[in-house]
Amino acid sequence: MLRSPLSLRPRRAWRAGWRAFRLLAAALVVLGGVLLHGCASAQPPFRLQVEEGDRQREWGLLYYQSWQKERSRTFLLLARQRTQDAIRIYLDVQRRMGYAYPDFYTVDRRRMASCFFLTQLQREATGFGVQIDDPRRVGCFD
């Protein structure tokens with residue numbers, strides 16, 4: 001039995017719609033996989049990052065104490081570098097954490113204390129004629 005061309009149209013339209021639906025579903029699955037992979041990035045937990053910031057700050061203090069004893073430019077620059085790294089880590093934790101976490105303000109106090117210490121380092125560097133390559137204080141907003 002021969003079908004007229006008019007009777008074939010609904011079946012073709014249905015197949016075309018089914019192909020479009022499958023294509024759209026496949027695209028959504030791929031997009032969902034990409035989003036899930038992006039959301040599950042390898043960011044360390046807040047506590048580990050705060051501990052890393054504390055270690056950097058302690059190293060900065062240790063280098064500063066060595067600089068006070070020997071007045072070596074290298075120790076002052078290392079103290080500044082470690083303190084600046086601690087400030088960057090604290091700022092990154094604060095940005096990821098948001099205001100809702102109770103530890104936000106603890107991290108903020110540590111960052112501000114590190115900024116104050118960095119200001120002190122820069123004053124002493126200026127007073128003793130130590131040239132700092134990059135005097136910017138990233139993460140300090142005062």
| said: Checking V107 against R110 for the side chain to side chain contact (heavy atoms under 4.5 Å, CB included) test, could you report, in this order, the C-alpha distance in whole Å, the side-chain angles of both residues, the deciding distance, and whether it holds? | reply: CA-CA 5 Å; V107 174; R110 290 178 185 173; 5.6 Å; no
task = Begin from the C-alpha positions of D92 and R95 and carry the test salt bridge (charged side-chain N to carboxylate O under 4.0 Å, His left out) through to its verdict.
result = CA-CA 5 Å; D92 181 52; R95 286 179 179 159; over 6 Å; no
What's the verdict on side chain to side chain contact (heavy atoms under 4.5 Å, CB included) for Q122 and I132, showing C-alpha distance, side-chain angles and the deciding distance?
CA-CA 8 Å; Q122 288 182 331; I132 296 176; 3.9 Å; yes
- Task: Could you walk me through whether D108 and M112 pass the side chain to side chain contact (heavy atoms under 4.5 Å, CB included) test, one step at a time?
- Result: CA-CA 6 Å; D108 188 52; M112 294 306 295; 4.2 Å; yes
Notebook entry, point to check: Hey, mind stepping through R111 and I89 against side chain to side chain contact (heavy atoms under 4.5 Å, CB included) and telling me if it holds?
Noted result: CA-CA 9 Å; R111 184 182 59 83; I89 291 170; over 6 Å; no
Practice item. Start with the C-alpha distance between E52 and R55, add both sets of side-chain angles, then the distance that settles salt bridge (charged side-chain N to carboxylate O under 4.0 Å, His left out), and finish with yes or no. Key: CA-CA 5 Å; E52 176 64 23; R55 277 194 298 276; 2.8 Å; yes
Start with the C-alpha distance between Q84 and R136, add both sets of side-chain angles, then the distance that settles side-chain hydrogen bond (donor to acceptor under 3.5 Å, both in side chains), and finish with yes or no. CA-CA 10 Å; Q84 186 66 57; R136 292 180 299 145; over 6 Å; no
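Contact record, G53 with A86: O-CB, 3.4 Å, taken as the closest heavy-atom pair. In plain terms, the two heavy atoms of Y64 and A79 that are nearest each other are N-CB, 3.6 Å. Here the closest non-hydrogen pair linking R73 and Q131 is NH2-O, 2.9 Å. Nearest heavy atoms, I87 versus S114: CG1-CB, 3.5 Å.
For the atom pair CZ of R88 and OG1 of T83, the computed distance is 11.5 Å after rounding to the nearest 0.5 Å. We find the CG-CD distance between L61 and Q56 to be 13.0 Å, quoted to the nearest 0.5 Å. Note: R80 CZ to D133 CG = 8.5 Å, rounded to the nearest 0.5 Å. To the nearest 0.5 Å, atoms CG (D134) and CG (L77) are separated by 11.5 Å.
Salt-bridge annotation for D103 and R47: present, with a side-chain N of the basic residue lying under 4.0 Å from a carboxylate O of the acidic one. Under 4.0 Å is where a charged nitrogen must lie from a carboxylate oxygen, and between R82 and D85 no such pair does.
By the 30° and 60° cut-offs, the orientation of the rings of F46 relative to Y101 is perpendicular.
In summary, the side chains of T119 and R137 do present a donor paired with an acceptor at a separation below 3.5 Å, with no hydrogens or angles considered. Inspection of the Y90 and D54 side chains reveals an N or O donor paired with an N or O acceptor under 3.5 Å.
Taking hydrophobic clusters as Ile, Leu, Val, Met, Phe, Trp and Tyr residues chained together by side-chain heavy-atom distances below 4.5 Å, L118 shares a cluster with V130. Linking ILVMFWY residues whenever their side-chain heavy atoms come closer than 4.5 Å, directly or via other members, places F117 and L62 in the same cluster.
A 4.5 Å side-chain heavy-atom check between L91 and F141 finds at least one atom pair inside the cut-off.
Taking the six-membered ring for Trp, Y63 and W67 have ring centres at least 6.0 Å apart.
R71 forms a cation-pi arrangement with F128, by the criterion of a distance under 6.0 Å to the ring centre and an angle within 45° of the ring axis.
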